[in-house]
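Below: the structure, in structure tokens.
When a ligand or atom number is given, it counts from 1 through the structure's own listing order.
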Amino acid sequence: MSTKQKRYFLTEEEIPTQWYNIQADMTTKPMPPLNPSTKEPLTVDDLAQIFPRECCVQELDTENAWIDIPEDVLEKYKFYRSTPLVRAYALEEALGTPAHIYFKNESVNPLGSHKINSALPQCYYAKQEGTENVTTETGAGQWGMALSYASKLYGLEAAVYQVKITMQQKPYRSTVMRTFGAAVTASPSMSTRAGKDIITRDPRHPGSLGTAISEAVELAQTTPNTKYTLGSVLNHVALHQSIIGLEAEKQMEKAGEYPDTVIACFGGGSNFGGLAFPFMRHNILDGKQTEFIAAEPASCPKLTRGQFRYDFGDEAGYTPLLPMFTLGHNFKPSNIHAGGLRYHGAGVIVSQLLKDGMMRGMDIPQLESFDAGMLFARTEGIVPAPESCHAIAATIREANRCKETGEEKVILFCLSGHGLIDMPSYEQYLNGDLQNYAITDEDVAKNLAELDNL
Ligand SMILES: *Cc1c(COP(=O)(O)O)cnc(C)c1O
């Protein structure tokens with residue numbers, strides 16, 4: 001028998017049947033979302049006007065560490081779970097590093113990213129409470145694809161606002177959404193008041209997750225029997241994604257190792273939280289000293305250069321005020337190809353953990369991310385999503401550091417998605433047409449100053 005096992009799986013019986021809610025174990029609990037006009041903490045009832053009620057209960061749950069995964073969701077998870085934990089021997093060899101590199105491959109499902117892990121429960125809960133329609137935003141389109149498929153499974157109609165610039169960069173994702181039966185609109189659009197306002201202020205606005213969220217929330221609020229769903233940022237999304245880390249924990253055990261460093265790319269925090277939180281619980285409860293790194297684009301650096309404060313989750317200011325590391329909700333991210341990372345703020349839980357020194361951010365320039373994705377593709381045979389390339393770049397930095405120090409660290413990262421529908425981005429990279437986007441301290445400060453009268 002070979003001693004070099006490449007992939008680790010779980011049997012269906014071994015797939016976790018509960019999600020992990022890190023809020024219950026956090027030393028400092030996250031601060032509550034606030035009503036923007038009264039500045040009062042929001043209750044489940046308030047939030048349930050927009051989101052499926054069960055998601056709101058989960059959002060504010062700081063008591064229960066373990067939440068049962070509904071049986072029906074568990075059945076549907078089995079279409080693609082467990083996902084493999086893979087030892088990246090070829091990448092290690094190419095780097096000449098003594099580090100052991102593992103990745104949790106969330107790209108191996110028909111939708112191509114981790115987003116389906118939360119789309120299924122969100123649609124399940126919406127259906128349970130009698131909702132007929134769901135609305136959402138999508139950046140690069142992975143969440144839109146996942147939500148479109150999940151809503152079809154549960155007999156819901158889906159309306160998706162896709163960021164205009166990414167719809168142009170990744171045209172096939174909207175085709176997949178429409179294949180699943182969703183109605184897709186480029187944001188900012190003329191179909192909502194928020195969209196019209198944004199276009200009036202800036203007729204050539206390329207769109208951002210912030211603009212698309214405003215439009216999707218408005219549509220949900222103005223249409224009967226309709227709930228809004230979000231693919232990242234919120235606590236209940238990170239909760240659903242914890243299936244990633246809980247599986248990885250069991251798989252690492254099969255590999256006979258425990259991670260010294262856990263790395264994921266960072267948009268709003270769902271794949272990071274999903275992989276990291278189950279391991280972080282052992283830092284909190286059992287004195288483990290694993291290091292956690294969230295890799296963000298250098299052009300959208302809310303973790304490394306943002307401020308911790310209350311801010312809106314969207315551009316128009318329709319959402320509750322959330323306590324987060326933010327670049328300001330008016331921040332207009334550069335048109336980088338990692339569309340899923342073009343978001344001005346970080347999730348509430350992650351923001352608190354960052355403030356408490358439980359993790360750190362690492363900013364990665366666009367070209368370095370594609371260099372890393374290229375090496376990964378040529379060694380491990382998987383073309384990674386441009387978002388995931390940031391996690392790979394951070395992993396390579398850490399592995400190279402191990403090469404210098406001789407440390408045999410165990411590094412685990414999340415391959416959040418594949419890049420097979422991101423070919424226009426790879427084409428530009430290969431043709432030498434991609435660039436880095438710098439952002440100045442003045443830009444950051446100016447944008448944040450606009451928040452002072454919130
Ligand atoms: C959406 C997305 C991300 C960023 O979102 P998070 O909530 O931060 O995980 C990262 N990678 C892929 C492949 C995505 O689709």
Tell me whether [X] has any N or O atom under 3.5 angstrom from an N or O of ligand 1.
{"X": "K115", "value": "yes"}
{"X": "G268", "value": "yes"}
{"X": "G269", "value": "yes"}
{"X": "E387", "value": "no"}

For F325, the option from F308, Y343, F331, F266 that meets ring-ring contact (aromatic ring centres under 6.0 Å, His included) | F308
When the ring planes of F277 and F272 are compared, do they come out parallel, tilted or perpendicular, using 30° and 60° as the limits?
->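 Judged by the thresholds at 30° and 60°, the geometry between F277 and F272 is perpendicular.
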In terms of the angle between their ring planes, are Y8 and Y102 parallel, tilted or perpendicular, with boundaries placed at 30° and 60°?
-> tilted
Contacting atoms of ligand 1, where contact means under 4.0 angstrom from a heavy atom of [X]:
{"X": "L341", "result": "4 (C)"}
{"X": "Q142", "result": "13 (C), 15 (O)"}
{"X": "G417", "result": "13 (C)"}
{"X": "C265", "result": "10 (C), 11 (N)"}

What's the shortest distance from atom 7 (O) of ligand 1 to any protein heavy atom, and which residue and atom give it?
->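 Of every protein heavy atom, S232 OG, 2.5 Å lies nearest to atom 7 (O) of ligand 1.
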Protein residue, atom and distance nearest to atom 4 (C) of ligand 1, heavy-atom basis |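 Going atom by atom, the protein heavy atom closest to atom 4 (C) of ligand 1 ends up being G340 O, 3.4 Å.
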If we ignore hydrogens and angles and just use 3.5 Å, is the side chain of [X] paired with the main-chain N or O of [Y] as donor and acceptor?
{"X": "D356", "Y": "M358", "result": "no"}
{"X": "T166", "Y": "G139", "result": "yes"}
{"X": "T97", "Y": "A399", "result": "yes"}

Stepwise ring-ring contact (aromatic ring centres under 6.0 Å, His included) check, F376 with F103 | CA-CA 11 Å; F376 185 75; F103 62 94; 5.2 Å; yes
May I ask you to check whether F279 and Y258 place their ring centres under 6.0 Å from each other?
-> yes
Decide if the gap between the ring center of Y426 and the ring center of F370 is smaller than 6.0 angstrom.
->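 Yes.
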Record the part of V237 in heavy-atom contact with ligand 1 below 4.0 Å; permitted values are side chain, backbone, both and neither.
-> neither
Who's closest to atom 12 (C) of ligand 1 heavy-atom-wise, of G112, S416, G267, A346?
->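 Minimum heavy-atom distance to atom 12 (C) of ligand 1 goes to S416.
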H114 near ligand 1, heavy-atom distance under 4.0 Å?
->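 Yes; H114 lies near enough to ligand 1 that a heavy-atom distance drops under 4.0 Å.
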With a 4.0 Å cut-off on heavy atoms, is F266 touching ligand 1?
->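 Yes.
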